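Structure, as C-alpha cells:
Residue numbers start from 1 in every chain, and the chains themselves are labelled A, B, ... in the order their sequence lines are given, proteins ahead of strands. Just so it is clear, the model here is predicted, and its values are computed rather than measured.
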There are 2 protein chains.
Amino acid sequence: MKEPNSPDSPLADLCRQRGLKLTGQRRTIAFVLSDSDDHPDVEELYRRAVEVDPRISIATVYRTVRLFEENGILQRRDFGGGRARYEVADGDHGDHYHLIDADTGKVIEFENTELDSLLEGIVRQMGYDLVTTRLSVVGRRKAKPRSRG
Amino acid sequence: MKEPNSPDSPLADLCRQRGLKLTGQRRTIAFVLSDSDDHPDVEELYRRAVEVDPRISIATVYRTVRLFEENGILQRRDFGGGRARYEVADGDHGDHYHLIDADTGKVIEFENTELDSLLEGIVRQMGYDLVTTRLSVVGRRKAKPRSRG
DNA sequence: GTGATAATGAGAAAGATTATCATTTGCAAT
DNA sequence: ATTGCAAATGATAATCTTTCTCATTATCAC
C-alpha cells in the first residue's frame, strides 16, 4: 500500500492537475521525463522507461508523449534527424532556445530576455499574440583567432 | 534546337554553378522552384513538376530536393504536419523568418534586421559562427480590442 | 469492492522518405 | 555529330517513424 499523498514526480503531479488519469505507465514516463534534462526522442524515452517498468509498450510512450504535448506538459522539438524530440515545457519563466553545433549535432540551450521581448514585439506588431517560439540556430565553433600562424 | 546560352531558371543556373549535372528533371524541378514563392512539400513539388514534364518520378523529386539542400540551394523547413517543406535558400541578404497562424496554419514570412544582428551577436558570444537560423513563431490573431462590445 | 470507462500491449497499418537495380541520359572527348 | 562512361532516373521495394486496432487490463468514482 502507498500513502494517499505519495510524492510523485513533478510531472506526474502536473498530469493529475490537468485532470488526466494517472496510470502506472504515465507515472513512469512522467518520472523519466522529470529526471531528464536533455531532449530525448521517443525511442530513447522508451529505453529509459523500460528500466523503470519493463512491461511498458512503445505505443504507450508515443500516446503519452502526444497527450502530454496536447496538455502543455511537453514540447515537441525538431532538431533534424527525422524523429521528434521532447522536453519538459517551460513554466512561467521565459522560453529558452537552442544552439545546434553544426559539426557534432550537440544541442546547447540558452536564454535571452532581449530576444524574448524583441520577438514578442515583432509578433504583436504583426497583429498576433505569441503562442510559441521555435528557434534553433545552427552554428559552427569558431577557430580561436591566433595571431596568424 | 536551343541556343547555347538558353536562359534557364535562376535555380538551374545555380545548379550548374555548383557543378551539378543539369539533367532535364533537375531543370524542371529548378524551374518549378524558381516559380514558387511558397513552401511546398515534396508531394506538391511533384504535382507541379508533372505539369511541366509528365514522366518525372517522385523518387527524383526526393533525390533532387535533397541534393539541392546539400548544396545550399534549398532550405528544408518543418512547420509541423509530418512532411518536410522546402523553399529557395536566401542569398546574401539576411535570413527571413516565419510566423505561423496557430488556427489556420498559414505561414507568413517576415524579415527583421534587429533580430538578425541580435542572433548573430548571441551566437558569437557563445563562441560560434552562425550558420543557419531556424525560427518560426506560432501566433494567434489578436481580437481587435473594440471599446468593449 | 464494483462497474463503467478509459488506457494498455502487441502488432498491423499508414505515411514519409530512402534504397535498389536495370535502363537511360548528360556531358566531355573525339 | 558520335561514342563511352559515369551518373541520374523510374518503378517499386524496403525502411523508418508514428498512428491505429482491438482484445485485455487497470483506474477512479461510488
Side-chain angles (χ1 to χ4, degrees), chain A residues 1-6 8 12-13 15-30 32 39-47 49-50 52-71 73-74 76-86, chain B residues 1-2 4-6 8 12-13 15-32 39-47 49-50 52-71 73-74 76-86:
Chain A
M1 295 268 169
K2 298 182 118 184
E3 50 276 72
N5 289 337
S6 72
D8 278 321
D13 288 335
C15 184
R16 227 196 303 263
Q17 278 171 40
R18 302 286 156 98
L20 303 174
K21 196 183 278 188
L22 188 53
T23 67
Q25 290 86 339
R26 288 180 186 174
R27 201 191 311 266
T28 297
I29 294 166
V32 164
H39 312 83
D41 56 31
V42 170
E43 205 74 41
E44 176 61 26
L45 278 177
Y46 174 61
R47 248 174 264 131
V50 162
V52 180
D53 174 5
R55 59 197 170 147
I56 209 166
S57 155
I58 188 149
T60 298
V61 181
Y62 271 104
R63 275 191 285 243
T64 303
V65 133
R66 185 148 56 110
L67 179 75
F68 282 5
E69 196 205 352
E70 285 164 357
N71 282 273
I73 297 174
L74 282 185
R76 190 204 306 234
R77 299 290 183 187
D78 170 55
F79 298 137
R83 7 197 212 258
R85 296 168 65 172
Y86 290 88
Chain B
M1 292 278 162
K2 298 181 121 186
N5 288 337
S6 73
D8 276 323
D13 288 335
C15 184
R16 227 195 305 263
Q17 277 171 38
R18 302 288 156 95
L20 304 175
K21 194 183 279 191
L22 188 53
T23 67
Q25 289 86 338
R26 287 180 186 173
R27 200 189 312 263
T28 297
I29 295 167
F31 167 76
V32 165
H39 312 83
D41 58 31
V42 171
E43 205 76 39
E44 177 61 27
L45 278 177
Y46 174 60
R47 248 174 265 131
V50 162
V52 180
D53 174 5
R55 58 199 171 146
I56 209 166
S57 156
I58 188 148
T60 297
V61 181
Y62 271 105
R63 274 190 287 242
T64 303
V65 132
R66 185 148 57 108
L67 179 76
F68 282 4
E69 197 206 349
E70 285 164 356
N71 284 272
I73 297 174
L74 283 185
R76 191 203 306 232
R77 299 291 183 186
D78 169 55
F79 297 137
R83 9 193 209 258
R85 296 169 64 174
Y86 291 87

>> Using a heavy-atom cut-off of 4.0 Å across all strands, would you classify A:Ile58 as base, sugar-phosphate, or nothing?
In response: nothing

>> What's the closest nucleotide to the side chain of B:Ala59 if the choices are C:dA19, C:dT8, D:dC20?
In response: C:dA19

> Roughly how far apart are B:Leu45 CG and B:Tyr62 OH, rounded to 0.5 Å?
Replying inline: 10.0 Å

> Once you round it to whole Å, what is the distance between C1' of D:dA8 and CZ of B:Arg27?
Replying inline: 14 Å

>> Starting the side chain at C-beta, find the nucleotide from D:dT18, C:dT8, D:dA8 nearest to B:Thr23.
In response: D:dA8

> 5'-most contact on DNA chain C: B:Gly81 or B:Leu20, nearest heavy atom basis?
Replying inline: B:Gly81

> In terms of side-chain geometry, is the basic nitrogen of A:Glu69 or A:Arg66 positioned less than 4.0 Å from the acidic oxygen of its partner?
Replying inline: no

>> Nearest whole Å is fine: how far is C:dA7 C1' from A:Asp53 CG?
In response: 14 Å

> Roughly, in whole Å, what's the span from CZ in B:Phe68 to C1' in C:dT17?
Replying inline: 18 Å

> Taking atom P of D:dT12 as reference, at what distance in whole Å does atom OH of B:Tyr46 sit?
Replying inline: 11 Å

> Is there a side-chain polar atom (N or O) of B:Arg26 under 4.0 Å from OP1 or OP2 of D:dA7?
Replying inline: no

> How long is the gap from CD1 on A:Ile73 to CD on A:Gln17, to the nearest 0.5 Å?
Replying inline: 9.0 Å

>> Nearest to the B:Thr60 side chain among D:dT9, D:dT18, C:dC27, which nucleotide is it?
In response: D:dT9

>> Distance check needed: C:dG15 P versus B:Glu43 CD, whole Å only.
In response: 11 Å

>> Check this for me: does any side-chain nitrogen of one of B:Asp78 and B:Arg76 sit under 4.0 Å from a carboxylate oxygen of the other?
In response: no

> At their closest point, which heavy atom of B:Phe68 faces which heavy atom of B:Arg26, and how far apart are they?
Replying inline: CZ-O, 4.4 Å

> Looking only at side-chain N and O atoms, does B:Gln25 come under 4.0 Å of OP1 or OP2 in C:dT25?
Replying inline: no

>> Looking only at the side chain of B:Arg66 (C-beta and beyond, no hydrogens), which of the listed nucleotides C:dA19, D:dG10, C:dG9 gets closest?
In response: C:dA19

>> Regarding C:dG9, can its base be found pairing with the side chain of A:Arg63 as donor and acceptor, where the two atoms are less than 3.5 Å apart?
In response: yes

>> Measure OH/A:Tyr62 against P/D:dC16 and give the value in whole Å, please.
In response: 12 Å

>> Please pick, from D:dA11, C:dC27, C:dA10, the nucleotide with the shortest atom-to-atom distance to any side-chain atom of B:Ser57.
In response: D:dA11

> Rounded to whole angstroms, how far apart are CD1 on B:Ile56 and P on D:dT9?
Replying inline: 8 Å

> Separation of A:Leu67 atom CG from C:dT8 atom C1', in whole Å?
Replying inline: 13 Å

